[in-house]
There are 2 protein chains.
Amino acid sequence: MQLDERKYLILQAIIDDYILTAMPVGSRTISRKSGVGYSPATIRNEMSDLEELGYLDQPHTSAGRVPSNKAYRLYVDHLMKTVKLTNDERERMQDHLAAKSKQVEGVIRSAAGVLSDATKYTSVIVAPKLSTLRIKHVQLVPVAERMALMVIVTNAGIVKDAVISVPEGMTADELYAVSRTLTEKLADKPLEAVRQAFAELLRNAEYNRKLLGETLQVIEKRLEAGGDASDVIVGGPANMLEYPEYSDVSKARNFLAVLESKDTLRKLLSRDGSMEISIRIGPENQLPALNDCSIVTASYRVGDHSSGTLGIIGPTRMNYNRVISVLEFMGRALSDVLSEYR
Amino acid sequence: MQLDERKYLILQAIIDDYILTAMPVGSRTISRKSGVGYSPATIRNEMSDLEELGYLDQPHTSAGRVPSNKAYRLYVDHLMKTVKLTNDERERMQDHLAAKSKQVEGVIRSAAGVLSDATKYTSVIVAPKLSTLRIKHVQLVPVAERMALMVIVTNAGIVKDAVISVPEGMTADELYAVSRTLTEKLADKPLEAVRQAFAELLRNAEYNRKLLGETLQVIEKRLEAGGDASDVIVGGPANMLEYPEYSDVSKARNFLAVLESKDTLRKLLSRDGSMEISIRIGPENQLPALNDCSIVTASYRVGDHSSGTLGIIGPTRMNYNRVISVLEFMGRALSDVLSEYR
DNA sequence: GTTAGCACTCGATGCTGTTGAGTGCTAACA
DNA sequence: TGTTAGCACTCAACAGCATCGAGTGCTAAC
């Protein structure tokens with residue numbers, strides 16, 4: 001059996017309605033819709049076919065039909081018509097984003113807020129991948145006896161800091177001198193290239209080898225770890241509880257538990273980067289706890305490099321086309337803000 | 001009518017049982033308990049008295065009794081017997097706290113995790129009040145043309161950073177020189193005293209007045225604002241959903257909404273500081289959404305100054321004495337860790 | 001003062017019948 | 001041949017009703 005024009009039309013109408021109401025859709029409902037000129041009986045026949053083809057499920061005999069994951073997949077790939085955001089909305093989002101802090105974490109935090117407000121779903125943003133950033137400045141600031149704070153400023157304005165121990169009796173001026181050397185050698189290098197630069201630096205070491213060695217280690221550790229907890233920001237975690245899918249407290253708890261594990265989130269949001277928008281529907285995202293969630297992700301850039309991910313987690317029954325519009329827009333907006341320092 | 005010894009005993013038994021089971025407590029249950037040598041009938045008479053005195057509520061005629069907020073108040077003030085934490089537990093908490101980052105935000109974040117894990121409730125920690133901190137170092141780091149990052153290191157190792165604009169053409173070395181002057185003038189001053197120090201600095205200004213002026217403004221803004229969103233850290237938000245009090249999704253949503261508003265949390269956790277542990281039961285904390293929550297708070301110190309608050313939010317039916325023990329212990333542990341830099 | 005006994009209350013539970021949204025099938029229609 | 005009206009059928013949701021049992025308050029006896 002093939003999907004003809006009418007089946008597409010009906011399937012689309014069913015999905016649209018279900019996304020709106022979360023209730024199984026009956027033949028009468030579809031028949032009444034403008035644009036569909038068939039009687040309930042005809043619709044029923046088509047629905048029966050669609051069910052056989054795996055696009056619809058029936059919770060029980062006397063209920064309407066519910067779209068299957070296969071149907072959502074078809075919907076996002078072919079059926080869905082994209083809706084533009086109004087200028088008003090764009091402006092509002094832009095304003096909210098721009099008004100906030102210039103610090104990267106602040107920007108990302110407010111972006112997550114804007115995303116979850118605009119979509120009413122839960123948003124997740126992964127901070128820029130360190131390996132795509134370039135070092136602008138390295139500075140060692142004395143903190144205590146034998147301790148210094150290392151601050152790394154990158155082209156995205158992102159600041160990574162870590163406390164390292166320094167040789168006894170090192171003065172602020174000496175630390176500044178070391179900082180200058182580090183900055184000179186490392187400026188405009190990607191964080192990835194730090195290793196080579198340091199090797200060279202160590203060969204003709206005028207400064208204390210131990211200090212440089214430890215500094216190198218700290219930077220490398222940061223690179224490997226791929227960032228700490230604060231690098232994954234969640235917005236509007238409670239939004240998800242608005243939807244009947246999560247009216248069951250134990251489901252809600254599981255969902256919130258996923259949000260608390262930043263590592264899981266990072267994995268969930270990882271994407272192959274080839275396409276602009278990636279959509280994973282239900283079980284496609286591997287995690288049983290998110291079996292009736294969809295995850296839509298886009299990426300943003302810092303400078304020339306694709307650098308981080310922003311995404312929305314919502315029920316599979318989510319308003320895909322609005323979410324996509326919002327993510328595309330915010331992806332660009334976020335790239336602009338974060339690339340401002342270049 | 002007065003509360004005699006036996007009434008105390010029975011009330012305590014009821015509260016203990018209710019905290020454990022969350023089910024209305026009947027006379028038989030109490031009668032069976034070891035330590036209470038009376039028949040259900042006697043207990044019933046006493047319970048009737050206790051209800052008349054406002055210590056017990058009865059959900060409906062044929063149900064057991066439930067402690068009122070007045071009863072919890074009496075319980076925490078007089079009845080409760082304190083339980084010591086085991087050495088094992090202490091060690092585990094200490095380890096979890098110590099293992100983590102040396103950065104203040106990291107310490108607080110992991111402390112919040114430890115607190116919520118140890119109590120199974122939701123924890124909230126307010127970062128050190130800026131006004132109690134002393135400046136150790138101020139450093140301006142070039143970020144871009146006409147822009148610098150100002151890093152303030154304090155005695156708690158806490159780092160506040162903000163981007164400020166600087167006059168055109170200022171070199172890294174010049175910024176360093178300004179940094180040195182700032183550090184010299186401000187070192188060991190409380191952040192509060194910054195204003196005076198700056199005024200003096202501006203009088204015999206060798207450096208660009210505009211730069212200093214703006215720097216001052218930034219520091220002051222930080223002081224007034226009382227910190228940004230990242231200064232209130234919540235641990236285990238989903239823990240609360242484990243309790244039958246929140247089996248209703250809309251209640252759960254309200255609760256989570258409160259946790260998202262950092263300002264509200266800051267207000268909720270503010271305390272008069274006179275006593276070591278503060279307990280607010282149900283409506284005592286003013287917020288309708290938290291009407292059946294209790295908030296227990298303790299404070300921690302950085303150096304010599306009482307500086308921040310750590311607290312637990314749980315159902316009024318919470319295990320007060322365990323929560324208190326944990327908070328006392330963690331308050332000390334946190335003070336120790338944060339005062340390490342002195 | 002304490003307790004056994006007993007009638008009483010009332011939410012929880014489970015059973016039953018009814019309702020209505022929705023289906024599938026068949027036969028008539030264009 | 002595709003479409004539709006008609007109709008019997010299904011089944012979750014809901015309301016009504018009886019039952020059960022945990023727990024109470026009261027009274028009388030110990």
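Remember, it's a predicted structure, so these values are computed and weren't measured experimentally.
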Distance-only polar pair, side chains of B/Arg271 and B/Thr297, donor-acceptor under 3.5 Å: yes
Rounded distance in Å - CD1 (B/Ile43) to C1' (D/dG23):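 About 14 Å, once rounded to whole Å.
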Residues B/Asp292, B/Lys251: salt bridge by 4.0 Å N-O rule: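 Here B/Asp292 pairs with B/Lys251 in a salt bridge, since their nearest N and O are under 4.0 Å apart.
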By ring pair (Phe, Tyr, Trp, His ring centres under 6.0 Å) - contacts of A/Tyr55 (at least two apart):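 A/Tyr55 satisfies ring pair (Phe, Tyr, Trp, His ring centres under 6.0 Å) with no other residue.
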Heavy atoms from other residues, nucleotides or ligands near NZ of A/Lys120 exceed 12 (cutoff 6.0 Å):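 Not buried by this count: 12 neighbours or fewer within 6.0 Å.
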N/O to N/O distances under 3.5 Å, protein versus nucleotides 10-13 of chain D:
{"from": "D/dT10", "atom 1": "O2", "to": "A/Ser62", "atom 2": "OG", "distance (Å)": "3.4"}
{"from": "D/dC11", "atom 1": "OP1", "to": "A/Thr61", "atom 2": "OG1", "distance (Å)": "3.1"}
{"from": "D/dC11", "atom 1": "O4'", "to": "A/Ser62", "atom 2": "OG", "distance (Å)": "3.2"}
{"from": "D/dC11", "atom 1": "O2", "to": "A/Ser62", "atom 2": "OG", "distance (Å)": "3.2"}

Side chains of B/Leu256 and B/Met240 in contact at under 4.5 Å (non-hydrogen atoms): no
No-hydrogen, no-angle side-chain donor-acceptor test under 3.5 Å, A/Ser261 and A/Asp263: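 Judged by distance alone, the side chains do not pair up.
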Residues from residues 25-33 of chain A lying under 4.0 Å of DNA chain C - heavy atoms: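 The answer is A/Gly26, A/Ser27.
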Leading and trailing nucleotides of DNA chain C with any atom under 4.0 Å from heavy atoms of chain B: C/dT2 to C/dG11
Within 6.0 Å of NE2 in A/His60, more than 12 heavy atoms from elsewhere: yes
Qualifying residue, where the test is side-chain hydrogen bond (donor to acceptor under 3.5 Å, both in side chains) with B/Arg44 and the options are B/Ser39, B/Ser31, B/Ser27: B/Ser27
Matching residue for A/Arg322 among A/Leu85, A/Val83, A/Leu327 - test: side-chain contact (heavy atoms from CB on, under 4.5 Å): A/Leu85
Atom-pair distance (CD1 on A/Ile10; C1' on D/dG2), nearest Å: 13 Å
Between the first and last five pairs of the helix from C/dG1-D/dC30 to C/dA30-D/dT1, the angle of the axes, rounded to 10 degrees: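 The two end axes of the helix from C/dG1-D/dC30 to C/dA30-D/dT1 meet at 20°.
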B/Arg28 CZ: over 12 foreign heavy atoms closer than 6.0 Å: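 It does not: B/Arg28 CZ has 12 such atoms or fewer within range.
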Atom pair CD1 (A/Ile125) and CD1 (A/Ile312), whose distance is rounded to the nearest 0.5 Å: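 One gets 8.5 Å once the value is rounded to the nearest 0.5 Å.
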B/Asp88 vs B/Thr86, side chain to side chain donor-acceptor pair (under 3.5 Å): CA-CA, chis, key distance, verdict: CA-CA 5 Å; B/Asp88 194 44; B/Thr86 67; 5.1 Å; no
All pairs passing ring pair (Phe, Tyr, Trp, His ring centres under 6.0 Å) where residues 232-260 of chain A contributes a residue, at least two apart: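 Listed once each, the pairs are A/Tyr121-A/Tyr243, A/Tyr246-A/Phe255.
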